[in-house]
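Report on one structure; see the data block that follows.
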Protein chains: 2
Amino acid sequence: MENFIYDKRIYYHPIEFAMVHIGGTWKIPILLALRNGPQRYGELKTTISHITDKMLVTQLRELEKKKMIYRSVYRQKPPKVTYTLTVHGKQAFAAIDALTMFGNYMINITEVIS
Amino acid sequence: MENFIYDKRIYYHPIEFAMVHIGGTWKIPILLALRNGPQRYGELKTTISHITDKMLVTQLRELEKKKMIYRSVYRQKPPKVTYTLTVHGKQAFAAIDALTMFGNYMINITEVIS
DNA sequence: CAGTATCCGTGTTGATACTG
DNA sequence: CAGTATCAACACGGATACTG
């Protein structure tokens with residue numbers, strides 16, 4: 001392996017491919033919000049307090065396209081939509097947890113204002 | 001904790017802080033290149049074949065500033081400079097390895113051209 | 001409630017050329 | 001050998017307003 005192409009882009013390391021799925025500012029917060037079970041769109045907005053609609057929708061669509069989450073629509077009034085982790089999405093947590101631990105380590109050895 | 005300030009920026013999750021240290025296109029490849037011991041500038045350029053001088057220097061300086069690596073200058077002609085992982089840099093590998101495993105998992109379940 | 005639609009700033013990366 | 005310097009492109013994210 002090592003060097004492959006996906007969706008017209010070249011990747012040099014598996015990590016680059018991992019980052020396509022959980023990288024960016026919002027994907028990990030969204031996955032973490034869904035960790036304890038499905039959430040509605042509005043609940044996600046509350047949980048991730050500082051996200052805008054545009055960013056939330058964009059990232060949800062990307063996560064869905066990459067099969068990290070799935071979207072369930074309940075045809076009722078008012079509408080209800082929930083988002084749930086797939087098995088692939090759950091696979092990300094080992095990496096997410098390791099990143100969290102490393103982040104905490106760096107916070108502890110750094111001058112940080114809380 | 002949860003929500004803190006560093007260098008005039010606000011962070012909402014430890015992972016954001018982790019990504020400041022190992023995020024971007026080049027920091028992880030550099031750290032991996034140094035995993036088996038110090039490397040000279042030129043060796044790094046060979047190991048990470050597709051990196052430009054500008055990117056290599058920029059990322060090396062940032063990693064140095066964040067105490068992930070250190071720079072040793074040998075005053076001789078022609079000049080020799082080596083880069084070595086610090087203890088903090090080595091701490092990143094748990095997360096890097098977890099990311100690699102997740103990346104490989106996603107590659108395996110995805111249509112990828114090798 | 002759960003989104004769309006636009007417009008725009010700005011940071012990150014890249015290409016290329018040059019140097020103590 | 002180990003870098004600097006400049007200029008440019010482009011993706012990412014943010015602000016704001018609107019809607020089935």
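Chain letters run A, B, ... following the sequence lines, proteins first, then strands; residues in each count from 1. These values consider heavy atoms only, across backbone and side chains, with no hydrogens, waters or symmetry-generated copies.
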query: When you measure from the side chain of A:Thr82 to the backbone N and O of A:Arg40, does any donor-acceptor pair fall under 3.5 Å?
result: no
message: B:Asp7 vs B:Lys66, test: salt bridge (Lys or Arg N to Asp or Glu O under 4.0 Å). Steps then yes/no.
response: CA-CA 12 Å; B:Asp7 203 20; B:Lys66 293 166 182 14; over 6 Å; no
- prompt: Can you tell me how far P of C:dG9 sits from CE of A:Met55, to the nearest Å?
  reply: 16 Å
- prompt: Does OP1 or OP2 of D:dA2 have a side-chain N or O of B:Arg40 closer than 4.0 Å?
  reply: yes
message: Under the criterion side chain to side chain contact (heavy atoms under 4.5 Å, CB included), I'd like the reasoning laid out for B:Thr25 against B:Met55: C-alpha separation, chi angles, the key distance, then a yes or no.
response: CA-CA 9 Å; B:Thr25 313; B:Met55 281 302 107; over 6 Å; no
- request: Could you check how far CD of B:Gln59 sits from P of D:dG3, rounded to whole Å?
  value: 14 Å
- prompt: What does B:Lys45 touch in the nucleic acid at a heavy-atom separation under 4.0 angstrom: a base, only the sugar-phosphate, or nothing?
  reply: nothing
message: Before we go on, tell me: are the rings of A:Phe17 and A:Phe4 under 6.0 Å apart, centre to centre?
response: yes
message: So A:Tyr74, base contact, sugar-phosphate only, or nothing? Heavy-atom distance under 4.0 Å.
response: nothing
Between C1' of C:dT19 and NZ of B:Lys77, the distance in whole Å: 14 Å
task: In whole angstrom, give the distance that lies between atom CG of A:Leu60 and atom P of C:dA2.
output: 11 Å
message: Whether A:Arg75 contacts D:dG20 is assessed here as follows: a side-chain N or O lying under 4.0 Å from the phosphate OP1 or OP2. Is that the case?
response: no
- prompt: Just how far, in rounded Å, is C1' of D:dA15 from CG of A:Asp53?
  reply: 12 Å
field: Phosphate OP1/OP2 of D:dT4: any B:Tyr41 side-chain N/O under 4.0 Å
entry: no
task: Take the protein atom CZ of A:Arg9 and the nucleotide atom P of C:dG14, then report the distance between them rounded to whole Å.
output: 9 Å
Partner nucleotide, any strand, of D:dC10 [Watson-Crick/G-U, under 3.5 Å]: C:dG11
field: Donor-acceptor pair (no angle test) under 3.5 Å: B:Lys54 side chain, C:dT13 base
entry: yes
query: Does the side chain of B:Arg61 get closer than 4.0 angstrom to OP1 or OP2 of D:dA2 through an N or O atom?
result: no
query: Given that both distances must come in under 3.5 Å, which nucleotide forms a Watson-Crick or G-U wobble pair with D:dG20?
result: C:dC1
message: For A:Tyr41 and A:Tyr83, take the angle between the two ring planes, folded into 0 to 90°, and tell me which bin it lands in: parallel under 30, tilted 30 to 60, perpendicular over 60.
response: tilted
field: Interatomic distance where CG belongs to B:Leu56 and C1' belongs to C:dT13 [whole Å]
entry: 14 Å
Parallel, tilted or perpendicular: rings of B:Tyr12 and A:His50 (30°, 60°): parallel
- prompt: Counting any heavy atom closer than 4.0 Å, what does A:Val57 reach on the DNA or RNA strands: base, sugar-phosphate only, or nothing?
  reply: base
field: Residue A:Trp26, side-chain atoms from C-beta onward, closest of D:dG13, D:dC1, D:dG3
entry: D:dG13
task: Taking only the side-chain nitrogens and oxygens of A:Thr52, find out if one of them lies under 4.0 Å from OP1 or OP2 of D:dG14.
output: no
query: Separation of A:Ile30 atom CD1 from C:dG3 atom C1', in whole Å?
result: 14 Å
task: Report the nucleotide, chosen from D:dA2, C:dC1, C:dT13, that has the shortest atom-to-atom distance to any side-chain atom of B:Thr25.
output: C:dT13
